[in-house]
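Everything below concerns the one structure shown next.
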Amino acid sequence: MRIVFLGPPGAGKGTQADIISKRYGIRKISTGDILRNEMENNTELGKLAKEYVKKGELVPDEIMVKIIENNIKNLESFILDGFPRTINQAIELDKITHIDKVIHIKVPDEEIKRRLINRGRIDDKLDVIENRIKVYREQTQPLIEYYKNKGILYEVEGVGSIEEITKRIESTLKS
Ligand code: AMP
């Protein structure tokens, strides 16, 4: 199965994608993790990405699409965590592969901010957090409508214990 996890920063996409990935033996591909790895290794891509990531901006679509193309090549199943983040990325993704299900993890704004402040990543400072939420609203949220129109969107409440949320996700995967 080819799955996309969608949701605001701090929704728990990464945590849930990890659990589902291990439980079902489906490869998880996190564009945020890929970029952080490149930044740690100070590669050309890492240096470029850092300029965007540290401000809470999106890395240009062209670069992200190439990364995804290289990472999902020949995979029958995968979970995408953090991609697509723009309509353009979604359109390009549809040219590369067929997505079966999109799981939208819903979390209210105040809860998101509280979670991110407690996480402490380099892009988890308050002003950057606020920008990431704004960027999410403007550029990523339209994907909800995009996938709803395709009939593959599944909504999951993202507030509760980790295991409760995993159960909700599992029931959408079985439906
Ligand atoms: P994440 O770990 O998914 O929250 O991603 C951390 C940061 O990496 C984001 O705030 C963006 O700057 C960048 N990033 C990750 N995935 C994408 C993507 N699909 N498109 C553009 N930028 C991305």
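Please read these numbers as outputs of a predicted model, since none were measured by experiment. In each ligand, atom 1 is the first atom listed, and ligand 1 is the first ligand listed. Residues: numbered from 1 along the sequence shown.
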Review point. Has R36 got any heavy atom lying under 4.0 angstrom from an atom of ligand 1?
Key: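 Right, R36 reaches ligand 1.
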Exercise for review: Take every heavy atom of K55, measure it against each atom of ligand 1, and state whether any distance is under 4.0 Å.
Suggested key: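 Heavy atoms of K55 never come under 4.0 Å of ligand 1.
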Exercise for review: May I ask you to identify the nearest protein heavy atom to atom 10 (O) of ligand 1, giving residue, atom name and distance to one decimal place in Å?
Suggested key: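 Scanning the protein heavy atoms, the shortest distance from atom 10 (O) of ligand 1 goes to R132 NE, 4.0 Å.
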Exercise for review: Tell me which protein heavy atom sits closest to atom 22 (N) of ligand 1, plus the residue, atom name and distance to 0.1 Å.
Suggested key: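 Ranked first by proximity to atom 22 (N) of ligand 1 is V59 N, 3.1 Å.
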**Study point:** 4.5 Å side-chain heavy-atom contact, F5 and S30
**Key:**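 They are not in contact (no side-chain heavy atoms under 4.5 Å apart), so the answer is no.
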Between ligand 1 and [X], is the shortest N or O to N or O distance under 3.5 Å?
X: L35; answer: no
X: D33; answer: no
X: E57; answer: yes
X: G82; answer: yes
X: D81; answer: no

Point to revise | Proximal candidate to atom 1 (P) of ligand 1 [heavy atom criterion; set K13, R85, Q89] | key: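 The residue whose heavy atom sits nearest atom 1 (P) of ligand 1 is R85.
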Can you establish whether the number of heavy atoms outside [X] located under 6.0 Å from its atom [atom1] is more than 12?
X: E163; atom1: CD; result: yes
X: K50; atom1: NZ; result: no
X: I96; atom1: CD1; result: yes
X: K134; atom1: NZ; result: no
X: R27; atom1: CZ; result: no

Review point. So which heavy atom on K13 is nearest to which on I105, and how close?
Key: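 Heavy-atom minimum between the residues: CA-CD1, 4.1 Å.
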**Study point:** Passing candidate, side chain to side chain contact (heavy atoms under 4.5 Å, CB included) with E155, options I144, T172, L6
**Key:**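 Going through I144, T172, L6 one by one, the side chain to side chain contact (heavy atoms under 4.5 Å, CB included) with E155 is satisfied by I144 alone.
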Review point. Near T31, which atoms of ligand 1 are under 4.0 Å from a heavy atom of that residue?
Key: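 Matching atoms, with element in brackets: 15 (C), 16 (N), 17 (C), 19 (N).
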Point to revise | Element-labelled atoms of ligand 1 that are located less than 4.0 Å from some non-hydrogen atom of M64 | key: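 In order of numbering, the contacting atoms are 16 (N), 17 (C), 18 (C), 19 (N), 20 (N), 21 (C).
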Exercise for review: May I ask you to say whether K167 pairs ionically with E170, meaning some side-chain N is under 4.0 Å from a carboxylate O?
Suggested key: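 No, no charged N to carboxylate O under 4.0 Å.
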Exercise for review: Please work out whether any backbone atom (N, CA, C, O) or any side-chain heavy atom from C-beta onward of R121 is under 4.0 Å from ligand 1, and answer side chain, backbone, both or neither.
Suggested key: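 R121 to ligand 1: side-chain contact only, backbone stays beyond 4.0 Å.
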